[in-house]
Structures are given as C-alpha cells and as structure tokens.
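I have placed the structure first, in the form of structure tokens, so that the comments after it can refer back to it.
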There are 2 protein chains.
Amino acid sequence: MPKPKLKPQDLREACLAEAAAIIERDGLEALSLREVARRLAVSHQAPYKHFASRDHLLAALVARAYAAFASALEARPRSSDPWADMAAMGEAYFAYARAHPRQYRLMFGAKLPDPADHPEMMREAKAAFGLLEKAIAALPRGPRSRGACRHDALFVWSTIHGLATILLTDSAQTIAMPRAALKAAESEALARIGAALGAPAGPP
Amino acid sequence: MPKPKLKPQDLREACLAEAAAIIERDGLEALSLREVARRLAVSHQAPYKHFASRDHLLAALVARAYAAFASALEARPRSSDPWADMAAMGEAYFAYARAHPRQYRLMFGAKLPDPADHPEMMREAKAAFGLLEKAIAALPRGPRSRGACRHDALFVWSTIHGLATILLTDSAQTIAMPRAALKAAESEALARIGAALGAPAGPP
DNA sequence: CCCTTGTAGTTGACACTGTCTACTTCACGG
DNA sequence: CCGTGAAGTAGACAGTGTCAACTACAAGGG
C-alpha cells in the first residue's frame, strides 16, 4: 500500500521538526532516529535518505539552533548608547538560555559532531559570535585593534556563557548553591563585565 | 572453573579504575558497563553487583573527579598575598582543565545523573567550590557578608568555568576562533577578574 | 554437623539503538 | 518505452542497559 505522497524534501523537514520537538520535550538523550521515524510513521530507515547519520541530523539541528539564537540576540531592544546596547545583548543572551535551555545545551553543552565535518553548522555559529564582536567594536573606547576586540569578545562570552551554563545545568544544584544567590547573578555579572571593559559607572 | 578470588569490593574498585581509564582514553561516550566488564574478564552483569546502574557508576566517578580536582586546587603554590593566592588558584584551575579535559567535562560538561540521588557526588562538589569561597573570603576588601562572598565566588567561577569550557570543547573551533586569540586568554581573564573584584593594580 | 542466609558472579533474555545491505516504487527525461 | 536515480521499505547485525533466574561459596546459628 503506497503511503500518501510527500513532496521531495518534505520528510527531511519533518524529521528536523520532530527531532527538535523531541529534544525540547525530553532532552537530547531521548533523541533517536528510530523514534523520529516512528513518530512520522515511516520506516526506521527513511530518515537515512536525508541524513547520512545521526550526527548529520544533529549538526543540522545545531545550525538551526545557532540561527534562532542569533535572531534572538538581534531582536534585542536597541539602544543608541553602545554600552546599554551591549548590556541589552547580554540580557537577551541570558533570556534565550533561560527560555530554551535544551537548545542552549545543544549548542554549547552537548557532545557535538566534529565541526570541521559540518561547515553549515560552523557558519551559523560564527554569525552568532560575530554579533557580539560587532557590539564590542562599537564601544567608545578609543581606537582598538581587531585583535583586541576579539580578546574582549572572548572574555565577555566566557563570562556570560559560564554563568549561563552554571544556571542551566545542575551545577548549581550540585554544589547546593542557594537559589537566592542565583537571583541577581545575571545582572551583577553584566555590570561587572561592563566595569572590566571600562564602562562609565551605571545608575546608582 | 572458579575464578581466581578477589577480595570483596575489589571488583568495585577495578570497575572504577577501568572506567576512568576508558574515559581518559576514549571519552565518556565510549564508556559502557559491558566494555568495563569485558576488559576485566568478568560477565556483563558482574558490575551490577556493585553499581545499581550506569548512572551510579558515573556518579562515583564524578565524585572522584571532584576530589582530584579539589586536591589539584589545594596543591597550588601558596602565597601570603591573598590576591596572588587567588590568581594561583585560577591558574591551577585552568591547568587542571587543560591536563584532564575529559575529567573536567565529566564534572561540568556531560549530562550527569540527578545530583539529589547521589549525595556523595554533591559533597565532593561542594568541597571543591568551598575552596574558591574561602580564597575569596580571604581577600582584603573590608568586611563583606557571607552572601556577598558567595556572589563574588559565583562570578569568578562563572568566568573561569566559561573560558575553560570554551577552550576545552570544540566551541572555539566551531566559531573558527584563531589560536592566537586563545593563547593569552587565560591570564587575561584572571587579570580582569581581579580588576572586577577591586584588586590593586598588577605588575606593569 | 547441617542448614539457612546473603553476597558475588554467571547465563540468558528483552527491548532498544545506529547502521549496513538488499529490495521495491515511482516520477522523469532520453 | 525504457532506463535511471531518488525515496521508502524490510531484514539483519552488533552493540547497549537492564531484568530475572540460576550457581558458588563463605559465615553463622541451631
């Protein structure tokens, strides 16, 4: 009995959507190609016609996650003050990590396929990081080399990423950090990042 | 034919050692209870007499990793200057992450079993974090509440942990960050952390 | 002394997984 | 009309974690 027909590439799209749904609901470890196929009511081998391996499906998902992440960063409330703009970006970063913890872990936490094998994934990731570099280059701090900006960007990213990771994973729970200490951690970290980069003093 | 006898709990110890060896050599994803059993030339179910599940074995390994990590932090070269001492601790942190990347990922990166189910793992983790809190409390910055110190500790940990994670995982490779930018990142981050906490200016 | 009890280890099974190979279907272009 | 290639199916294989039932054996109580 022939299946109801799908347009070419429809199954590929459906696989990505279903896989994303599984991760969002049950986490990365619950994702399997066979489960995807099962939910789409196709044979367990059908997804292999569109993804060479599980890693390839994963890489495609990660690429999309980076793209969505970059969009969220770009959708931040804009400000004409470069310092405020960077703070807004930091807040957007935390907000995204909080709103989509699984996707955040998918991008940064999980064991990923080798980036060199998945150029599209790398391209999206670079684009996201480029937003941060741009915001930092716009800061009014006298002429700075591109290399210096990259150093700053790495520092800022490290700090925000580190805190986001800790807040997201069970690390804080593991060391029995009281919830109260986590509450203000985000804005505090952003303020300190600003201070470390030489921002003018914020509101009292 | 009876096996050559092992003292009670010997197999448990051997499992932990073998599992650690597997992770060190081939990474976490290569670890399986069956592979452990195979290498020890026992049946695939023997480890289950000592670990209720794969997660329980993992939790025991993580507890040991935390303990080793804490030892490495404590073995840092001591200094009578609290600021220098904290910097030394940061360097020891990075050094450990660099020397034992798999173990570091085991502690912070990987999907871990629920901490609440593994109190020993939590205890070791708290002990490690406590070292940082202690070093920060020793900083000469006028009287600070315990809560304030915890905030500082969380900030410092975030920054160091974030950078260590980025340096360790493929994240830097993913965004095609040039190696040169990574070279000085550690000491730079430590200097900025000091600045953010109000350290006196370092050597010119 | 026997007999129970508990622990450590064994074998066998089950339901999963990713992936390989071989087969079918079917639209399209010469 | 006929091939050709893409998409989907079916079956197999090795690997996994885990459950259940069985065996060997040391220790201890009656």
Nearest-angstrom distance from the residue atom [atom1] of [X] to [atom2] of [N]:
{"X": "A:Asp10", "N": "D:dG8", "atom1": "CG", "atom2": "P", "answer": "9 Å"}
{"X": "B:His56", "N": "D:dG17", "atom1": "NE2", "atom2": "C1'", "answer": "14 Å"}
{"X": "B:Leu58", "N": "D:dG17", "atom1": "CG", "atom2": "P", "answer": "11 Å"}
{"X": "A:Leu40", "N": "D:dT9", "atom1": "CG", "atom2": "P", "answer": "11 Å"}
{"X": "A:Phe51", "N": "D:dA7", "atom1": "CZ", "atom2": "C1'", "answer": "14 Å"}
{"X": "A:Leu57", "N": "C:dT17", "atom1": "CG", "atom2": "C1'", "answer": "14 Å"}
{"X": "A:Arg12", "N": "D:dA7", "atom1": "CZ", "atom2": "P", "answer": "11 Å"}

Do A:Arg78 side-chain atoms and A:Glu74 backbone N/O form a donor-acceptor pair below 3.5 Å?
-> yes
Determine: side-chain N/O of B:His50 to OP1/OP2 of C:dT7, distance under 4.0 Å, yes or no.
-> no
Would one find a side-chain N or O of B:Tyr48 under 4.0 angstrom from OP1 or OP2 of D:dG17?
-> no
Per-pair distances, 0.1 Å, donor-acceptor, side chain in residues 14-42 of chain A, under 3.5 Å, sequence neighbours excluded:
unit_1  : atom_1 : unit_2   : atom_2 : d
A:Glu24 : OE1    : A:Gln103 : NE2    : 3.4
A:Ser32 : OG     : A:Glu35  : N      : 3.0
A:Glu35 : OE1    : A:Arg38  : NH1    : 2.6
A:Glu35 : OE2    : A:Arg39  : NE     : 3.0

Using the test ring pair (Phe, Tyr, Trp, His ring centres under 6.0 Å), find all partners of B:Tyr93 that sit at least two apart in sequence or belong to another chain.
-> B:Phe69, B:Tyr104
Residues at least two apart in sequence or cross-chain that pass side chain to side chain contact (heavy atoms under 4.5 Å, CB included) with B:Asp117, listed by chain then number, are B:Asp114
Check: A:His100 ring centre within less than 6.0 Å of A:Tyr96 ring centre = yes
Side chain of A:Lys49 - closest among C:dA8, C:dA22, C:dT19 | C:dA22
Among the nucleotides C:dG18, D:dG8, D:dG17, which one has an atom lying closest to any side-chain atom of B:Leu33?
-> D:dG17
Quick one: side-chain hydrogen bond (donor to acceptor under 3.5 Å, both in side chains) partners of B:Ser53, sequence neighbours excluded?
-> B:His56
Can you name the atoms? Protein N/O to nucleotides 10-15 of chain D N/O, anything below 3.5 Å, with the distance.
unit_1 : atom_1 : unit_2  : atom_2 : d
D:dG11 : O6     : A:His44 : NE2    : 2.9

By salt bridge (Lys or Arg N to Asp or Glu O under 4.0 Å), which residues pair with A:Arg54, not counting sequence neighbours?
-> none
Residue pair A:Glu35/B:Ala46 against DNA chain C: nearer the 5' end by closest nucleotide is B:Ala46
